[in-house]
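Written below as structure tokens is the structure these notes are about.
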Amino acid sequence: MLASSLLANYCTALHDDQALKVDKYLHHFQLSDKTLMDLSVRFRREMDRGLSRDTNPTAAVKMLPTFVRSTPDGTEHGEFLALDLGGSNFRVLLVKVMANGKQEVEMENQIYEIPEHIMRGCGSELFDHIADCLANFLEKLGIKDKKLPLGFTFSFPCQQTKLDESVLVYWTKSFRAYGVEGKDVVSLLKKSIQKRGDFDVDILAVINDTVGTMMTCGYDDHHCEIGLIVGTGTNACYMEQMRNLELLDGDEGRMCVNTEWGAFGDDGSLEDLRTDVDREIDAGSLNPGKQLFEKMISGLYLGEVVRLILRELSVMRHLCSRGRDLTDIKRRRLSTLSPEEEEGVERAEEVLRGLGLDPLVEDCIATQRVCQVVSTRSAHLCAAALVAVLRQIRDNKAAEKLRTTIGVDGSVYKNHSEFSRRLHKMVRRLVPDCDVRFLQSQCGSGKGAAMVTAVAYRLAVQQAERQRVLDTLRLSREQLLDVKRRMSEDMERGLSKQNHEQSSVKMLPSYVRDTPDGTEHGDFLALDLGGSSFRVLLVRVRSGKGHNVDMHHKIYSIPQETMQGTGEELFSHIVDCIADFLEYMGMSGASLPLGFTFSFPCYQTKIDQGILLKWTKGFNASGCEGQDVLTLLKDAVRRRREFDLNFVAVVNDTVGTMMTCCYEDPQCEVGLIVGTGTNCCYMEEMQNIERVEGDDGRMCVNMEWGAFGENGELDDFCTAFDHLVDDSSNYPGKQRYEKMISGMYLGEIVRNVLIDFTSKGLLFRGKLSERLKTRGIFETKFLAQIESDRLAMRQVRSILQHLGLTISTCDDSVLVKEVCSVVSRRAAQLCGAGLAAVVDKIRQNRNLNQLSITVGVDGTLYKTHPHFSSIMQETLQDLAPQCQVTFHKSEDGSGKGAALITAVACRVKSAEQQ
């Protein structure tokens, strides 16, 4: 043994000299930061090629979908079996995940050997052997009669089509069992288990060891979304956005992608970085030309790299070993070298002597330095590829600074402390905008397989419960036909003089008998009141070709206290706003015909009178219900004593919408509002309106269909969430149809579903934010934003974070989007069913086999929601196939309609006077 004093006297000088010689020879192994960044960019490019449907077939980095859609959230519990196969030994595990809230796991496992003749023999014999070992394990634990969920870690390149189906692409790691490549390994295992017939398991998932590592660490750290293996082989996986995974349908949520990055460079993209030593190792391997990146990094090859370098240094006389030729050094011994400073020299001497060599101090120092350089290159190559993955995740999240955890396993990472240190340091140097934590897997990928199975089991149970709840909000075609039939029956009752009081749909006559004919002209004032803000308009109508209408308007708000105060205060406020508008337009004192769009249920006996039946939409001004709203407005004008107006017509906003669209499309005979509230009107035959005298011609009927269901017509379709919304509304038991359709209530339905899911632990990890408990906090505009096809999941999460749900995950975002979609779809279908009853009635009124008609539509929900209109139209077409319906979107609102009704009334009156 070399004396310590000798080392002390000579080590420093010798170290510098030998290190210089080695470094000069190994300069190709030492990569600059610039080279590593370039390598990272190359790898990112290869990732994109692997993710793309068009370029994947020729990509070296295959980016294989794993069908693992979620990482552990801490609520998993139960007993799970796991198989961990990736080498000549494999493990069988029983993993008990505790439900005590402490995220505790108990494991029992046994290691079984796979004889070499089985590794290289018939594939059926391999899986029979695995089944035999599994049976032995179950028997020892006394659980052979239990059918437990099982996860299978199968650490070879596979193509998956679902979580429990995985086709082996090719063998690696000395396995050569024939009849397995191109086959589903789960099916092969099931077949072997069934052949035995003495036990059964439920194989829920098959994963590779890298995914298992990520899932193992993900149970302890919920930020973990990357798995890394650096051991006998090397690989990485990470959670990718589905929208980037072109190989699969669907663009919502995330899925773990197995990069199989060991094959990086198989297409020649690493030729400028590979050395002659790398090429020699590849040529002598079992798979020449394959897994080139892995051969520069992993433990299976690092010792051989060192051996070949030492051999060349010996040939060049940079090593002076006495004894055996260095070409005989075995790679398995050198792969255990630790590159620490003092201990490394001593360890090098020990290993070299164990190989029959008689090394000098210089030889030990050179060997240590070679190990350092080779290990450093391996760590830095690994870091460069890892940086590409980190940048991909950061860009997916559009985050300025990414915070994430990388779960790591593998003998090289675990046993070489300097390797891990260099890896960490280089990653942080190349991506300073990422806060990266490295978490070492303590239990291996077997636990990960159990965790994937536990997550799959949890997701299956949760999904079943979620779908059970959401199914109550889904309507079948038969149910929609039933809604149409009940609406038709209630319309008939509403038109009937005898049964009108029994109808929830009041079918109110509007006394609008005519539609515009193009000869209307003049200046008209219009008021448009239907919410917390209202408009005053000046509408200039010019007759002749082109139907020229010029509008000026101003929007005024109505304070909450005025909406809830006295009727006198409300109408005085409206008149104050009219006076301000006239002054704004330079028309103070002018007397103009005025049309009043009053979007609340009214009973009319003539066009210039409207008796308010009840307030809706948050209004509750006293002294108004049962009164003529035009008289209340006239009284307020008189109290002001500044101007006078000619009150011509009071109309509903739905009628105003129909008239606006009719001015542009004479076939428009139906008006529809789907906004804060919902309503419909249409041109009915006078002979069917029994409460109005006369049988000739037609009159627009204001259905007030929002009240449909007040007599129990919708009880069959109402859910617990509808009852919650109704009970907490200003008018319990009223406007039942509107509360299932309109923008004022859809957000509340969604909010109540989310609260239910959270209380059951199905969402937000069971943690409910205080803001979500607030009534009205989930605005209907969020539904439109969340359901937008262009909105990425990260933007959905930002909406949820605005609601105080800061712990929401990508999986939560996907579920919230599904809830929004189910609620809005039901609303659109209900609306379509009601509209089908309307257009079919018009067709039957006219004894037509086919009806062609236009519906004028307004309302924020219809206009801004990305899918509401198309779903409503699809439902209408399905339920009323004999009606060809065109939809005309009202661009100018119901205020213009009030002015046009006023213009038509003035035209008719003028004609009668002449």
Item to check | Non-hydrogen atoms of C434 and L390 that approach each other most closely | outcome: SG-CB, 4.3 Å
Item to check | Salt-bridge contact D200-K147 (side-chain N to carboxylate O under 4.0 Å) | outcome: yes
Item to check | Full working for side-chain contact (heavy atoms from CB on, under 4.5 Å) between L204 and L163 | outcome: CA-CA 7 Å; L204 293 184; L163 186 59; 5.8 Å; no
Item to check | Over all atoms of both residues, closest heavy-atom pair of L247 and S52 | outcome: CD2-O, 4.3 Å
Checklist entry - Under 3.5 Å, side chain of R751 to main-chain N/O of K773, donor-acceptor pair present? => result yes
Checklist outcome for this item: In this structure, OG of S788 is separated from CG of L783 (nearest 0.5 Å) by 12.5 Å
Checklist entry - Would you say the side chain of M215 lies within less than 4.5 Å of the side chain of T71, judging by non-hydrogen atoms? => result yes
Checklist entry - Side chains of E787 and S824: is there a donor and an acceptor less than 3.5 Å apart? => result yes
Checklist entry - Just by modelled atom types, is the E246 backbone N or O under 3.5 Å from a matching donor or acceptor in the R53 side chain? => result yes
Item to check | Salt bridge E225-K397, side-chain N to carboxylate O under 4.0 Å | outcome: yes
Checklist entry - Would you call the rings of F43 and F293 parallel, tilted or perpendicular if under 30° counts as parallel and over 60° as perpendicular? => result parallel
Checklist entry - Which is it for L134 and R196 under the side-chain contact (heavy atoms from CB on, under 4.5 Å) test, yes or no, and what are the steps along the way? => result CA-CA 11 Å; L134 178 56; R196 284 186 57 94; over 6 Å; no
Next on the checklist: Could you check whether any side-chain N or O of R69 sits under 3.5 Å from a backbone N or O of R254, counting only pairs where one atom can act as donor and the other as acceptor?
Outcome noted: yes
Item to check | Closest heavy-atom pair and its distance - R826, L475 | outcome: CG-CD1, 3.6 Å
Next on the checklist: Treating K414 as the side-chain partner and D409 as the backbone partner, does any N or O pair qualify as donor plus acceptor under 3.5 Å?
Outcome noted: no
Next on the checklist: Which heavy atom of N258 sits nearest to which heavy atom of C237, and what is that distance?
Outcome noted: CA-CB, 4.1 Å
Item to check | Close side-chain approach of K190 to I193, heavy-atom, < 4.5 Å | outcome: no
Next on the checklist: If you apply the rule side-chain contact (heavy atoms from CB on, under 4.5 Å), what do you find for N287 with K295, and how did you get there?
Outcome noted: CA-CA 11 Å; N287 53 349; K295 288 168 184 172; 3.2 Å; yes
Checklist entry - Can R466 and E818 be said to form a salt bridge (Lys or Arg N to Asp or Glu O under 4.0 Å), step by step? => result CA-CA 10 Å; R466 285 193 290 255; E818 183 181 10; 5.6 Å; no
Checklist entry - Parallel, tilted or perpendicular for W171 and F175, by the 30°/60° rule? => result parallel
Checklist entry - Are a donor atom and an acceptor atom from the side chains of N136 and Y112 found within less than 3.5 Å of each other? => result yes
Next on the checklist: Between K760 and D756, is the salt bridge (Lys or Arg N to Asp or Glu O under 4.0 Å) condition met? List the steps.
Outcome noted: CA-CA 6 Å; K760 293 174 178 175; D756 179 71; 3.2 Å; yes
Checklist entry - So do the side chains of V201 and I203 get within less than 4.5 Å of each other, counting heavy atoms only? => result yes
Next on the checklist: Quick check: do L470 and Q467 have side-chain heavy atoms less than 4.5 Å from each other?
Outcome noted: yes
Next on the checklist: With heavy-atom distances below 4.5 Å as the criterion, would you say the side chains of L138 and L81 are in contact?
Outcome noted: yes
Item to check | 4.5 Å side-chain heavy-atom contact, M47 and Q392 | outcome: yes
Item to check | Nearest heavy atoms of D128 and S192, plus distance in Å | outcome: OD1-OG, 2.8 Å
Checklist outcome for this item: Taken to the nearest 0.5 Å, the spacing of F778 CZ from R771 CZ works out to 12.0 Å
Checklist entry - Checking N235 side chain against W261 main chain: does a donor-acceptor pair fall under 3.5 Å? => result yes
Next on the checklist: Closer than 4.0 angstrom, basic N to acidic O: yes or no for R468 and D471?
Outcome noted: no
Checklist entry - Is T234 reaching over with its side chain to a backbone N or O of I229, donor-acceptor style, under 3.5 angstrom? => result yes
Checklist entry - Is a side-chain N or O of K767 found less than 3.5 angstrom from the main chain of T758, in a donor-acceptor match? => result no
Checklist entry - Got Q159 and L64 here, is their nearest side-chain heavy-atom distance under 4.5 Å? => result yes
Checklist entry - What are the two closest non-hydrogen atoms of T66 and V257, and how far apart are they? => result CG2-C, 4.3 Å
Next on the checklist: Within this structure, what is the CZ-CZ distance for the pair F137 and F199, rounded to the nearest 0.5 Å?
Outcome noted: 12.0 Å
Item to check | Side-chain (K183) to main-chain (S166) donor-acceptor, under 3.5 angstrom | outcome: no
Item to check | Residue pair T210 / M214, side-chain heavy-atom distance below 4.5 Å | outcome: no
Next on the checklist: Parallel, tilted or perpendicular, judged at 30° and 60°: which one describes the rings of F419 and Y413?
Outcome noted: perpendicular
Checklist entry - Ignoring hydrogens and geometry, is there a side-chain-to-backbone donor-acceptor pair from D722 to T719 under 3.5 Å? => result yes
Checklist entry - When you measure from the side chain of Q479 to the backbone N and O of S476, does any donor-acceptor pair fall under 3.5 Å? => result yes
